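What follows is one structure encoded as structure tokens, with my remarks underneath.
Quick caveat, the model's predicted, so the values are computed rather than measured. In the text below, chain A, chain B and the rest are named by the order of the sequence lines, each starting its count at 1.
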There are 2 protein chains.
Amino acid sequence: MTRASSRRPGPPTRTERGIPEATVARLPVYLRALTALSDSGIATASSEDLATAAGVNSAKLRKDLSYLGSYGTRGVGYDVEYLRYQIAREIGVTQDWAVVIVGIGNLGHALANYSGFGTRGFRIVALLDADPALVGERIGDMEVRDFAELEHIVETDRVSIGVITTPAGPAQEVCDRLVAAGVTSILNFAPVVLSVPDGVDIRKVDLSIELQILAYHEQRKSGEVALPQVPELPATNGLAPDLPAVGGGVSA
Amino acid sequence: MTRASSRRPGPPTRTERGIPEATVARLPVYLRALTALSDSGIATASSEDLATAAGVNSAKLRKDLSYLGSYGTRGVGYDVEYLRYQIAREIGVTQDWAVVIVGIGNLGHALANYSGFGTRGFRIVALLDADPALVGERIGDMEVRDFAELEHIVETDRVSIGVITTPAGPAQEVCDRLVAAGVTSILNFAPVVLSVPDGVDIRKVDLSIELQILAYHEQRKSGEVALPQVPELPATNGLAPDLPAVGGGVSA
DNA sequence: CCGATTTTGTTCTCACGTTCACAAGCTCCT
DNA sequence: AGGAGCTTGTGAACGTGAGAACAAAATCGG
């Protein structure tokens, strides 16, 4: 994440817009919690209520909100609708963002159908794939179009967000094309590290990494006491003789 | 993440297993990078090479690896196969983990088909759904089974990892059932905050949150100079009069 | 065998994030 | 009007993570 903001040492004056990244990542959670409260007909909520709904500690929540401004009322709490709007505006989901999905395999398919994807604020404008066999297929009310149309679509529909759901192989090339076409935010599902120029934000969602993190902790649980012992380093120049095959890669 | 480990103040003696969470999250990335290098026929790599492949800085990579032990050779670098095995063992992917997927909608479908999911180390043992219309459907070489069979399957196949791909509504209930059945690690795709007892690890993958984070940064880019001004707080008891509808929720 | 060179493992420092604890401020009741 | 009772917003302490820099160890050439 390349998000350097010139920040002088003094206390973080709230007006100079510098919201910590950790806080930014939680704002959507708060937004969802507020929406849920609102749907339940609750008009006012304390930081404690909100924190519970969002699954965080209330002090953290208050500090996070304090970066946006002073939207609560002491002794009372927060007005749910008002705070919801403020957070939505801060995040930027009061406006519409055009999104393209590249790579209509299993996952791309699922995302295209995923009604939840269309959270207000995001609009899928195109499903792209380079495979001619897929082009033309209808998914919901959309049709898969040729990846070659990318540049045209990005320009026409002012696309700023691209989602990559291709296999690992073509992902970097797709990414480069997206960037060259003018996309400045990318959500990558392909199991590769993509490199992008400064000014382009990239986020990664990686199934197998998540599973592996879980596995790590799981391993500690079962073998809390007796862990598989670390074999000694081989004599001098450690060439491993014959180790079991293990993979960290994914060939979607 | 509830992973409190009794740790006394002294220097973190490597032998007492306490790998920082941030490092754990990167180990799978290193593992993948090593696999890629190995596939390219590269037998030895320096921290610089590895760091580049993994998309991190080399000092960080060396420090991360130092938590596992001293597996490099000064002046030379790391033996790719050997290091790969050590990391795989540390993570726990040298053994097989049984996984159940609950909720065979669009996303569950995709995951079931997703060959990449079957990274060595993880084995999908069952696809479950409570909808009778889905039960019996074949996906790949598996058949969707009734959610009621959960407990039986978990016990029989020693399932320790559960993946929730249901809509938000039933997610907490599914989660509770998984935990009660003995599952101790959960990967949640449903857009809700799940609560689990201590000892159960849970990780979240959330599409719309990722998009919203991108949107936040995107907004700063376009309007770098003139941001939409924050409206003043309403008079005393801030009841928002009529704000545009915004959503943070997802109704998959 | 020794010195030059390379690259790891580690120490130190700084920045960031979390949590506690409390003063400031608002409401409501008497 | 005044005080009791809440709840926010924030200052300060603490813990974790990142990066620079360097000493320790290994190889290689002479």
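- DNA chain C lies under 4.0 Å from at least one heavy atom of each of the following residues of residues 50-62 of chain A: A:Asn57, A:Ala59, A:Lys60, A:Arg62.
- For B:Lys63 against C:dT10, a side-chain-to-base donor-acceptor contact under 3.5 Å is absent.
- At least one donor-acceptor pair under 3.5 Å links the side chain of B:Ser40 to the backbone N or O of B:Ala36.
- Counting to the nearest Å, the P atom of C:dT8 and the CD atom of B:Glu48 are 8 Å from each other.
- Nucleotide C:dT10 holds its P atom 12 Å from the CG atom of B:Leu68, rounded to whole Å.
- Atom P of nucleotide D:dG17 and atom CD1 of B:Ile19 are separated by 12 Å, given to the nearest angstrom.
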Check against side-chain hydrogen bond (donor to acceptor under 3.5 Å, both in side chains), A:Thr94 and A:Arg89: CA-CA 5 Å; A:Thr94 47; A:Arg89 192 183 43 70; over 6 Å; no
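- Distance, B:Gln86 CD to C:dG9 C1': 16 Å, rounded to whole Å.
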Which atom pairs link the protein and nucleotides 3-5 of chain C when you take only N or O atoms and keep those under 3.5 Å?
none

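- Residue B:Tyr82 contributes atom OH, which lies 16 Å from atom P of C:dT8 at whole-angstrom precision.
- Distances shorter than 4.0 Å separate some side-chain N or O of A:Ser70 from OP1 or OP2 on D:dG9.
- Between the CD atom of A:Glu21 and the C1' atom of D:dA18 there is a distance of 15 Å, given to the nearest Å.
- The shortest distance between the side-chain N/O atoms of B:Tyr71 and the OP1/OP2 oxygens of C:dT7 is not below 4.0 Å.
- Ring pair A:Tyr71/A:Tyr82: centre-to-centre distance below 6.0 Å.
- Across all their heavy atoms, A:Phe122 and A:Val93 have their closest contact at CE1-CG1, 4.0 Å.
- In this structure a side-chain-to-backbone donor-acceptor pair under 3.5 Å is missing from A:Ser47 to A:Arg62.
- Atom CG in B:Leu65 sits about 10 Å away from atom C1' in C:dT8, given to the nearest Å.
- With B:Thr23 contributing its side chain and B:Ile19 its backbone, the two residues share no donor-acceptor pair below 3.5 Å.
- Per the geometry, CG belonging to B:Asp79 stands 13 Å off P belonging to C:dT8, to the nearest Å.
- Across C:dT18, C:dG17, C:dT27, the shortest atom-to-atom separation from the side chain of A:Arg26 is found for C:dT18.
- With DNA chain C read from its 5' end, the first of the two nearest nucleotides for A:Asp64 and B:Gly77 is the one closest to B:Gly77.
- Looking at B:Asp201 and A:Lys221, a side-chain N of the basic residue comes within less than 4.0 Å of a carboxylate O on the acidic one, giving a salt bridge.
- Nucleotides of DNA chain C nearest to A:Gly75 and B:Arg74 differ in position, and the one nearer the 5' end is that of B:Arg74.
- Formation of a donor-acceptor pair under 3.5 Å by the B:Ser46 side chain with backbone atoms of B:Asp49 is found in this model.
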Worked check of salt bridge (Lys or Arg N to Asp or Glu O under 4.0 Å) between B:Arg220 and A:Glu90: CA-CA 10 Å; B:Arg220 310 280 115 155; A:Glu90 189 72 37; 3.3 Å; yes
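- Remark: A:Ser47 is in phosphate contact with D:dT8, judged by side-chain N or O atoms under 4.0 Å from OP1 or OP2.
- Checking the phosphate oxygens (OP1, OP2) of C:dG9, a side-chain nitrogen or oxygen of B:Tyr78 falls inside 4.0 Å.
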Side-chain donor-acceptor pairs under 3.5 Å in residues 185-192 of chain B, sequence neighbours left out?
from: B:Ser185; atom 1: OG; to: A:Glu218; atom 2: OE1; distance (Å): 2.4
from: B:Asn188; atom 1: OD1; to: B:Ala190; atom 2: N; distance (Å): 2.8
from: B:Asn188; atom 1: ND2; to: B:Ala190; atom 2: O; distance (Å): 3.1
from: B:Asn188; atom 1: ND2; to: B:Val192; atom 2: O; distance (Å): 3.3

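- Nearest to the side chain of B:Ser46, among C:dT8, D:dT10, D:dG17, sits C:dT8.
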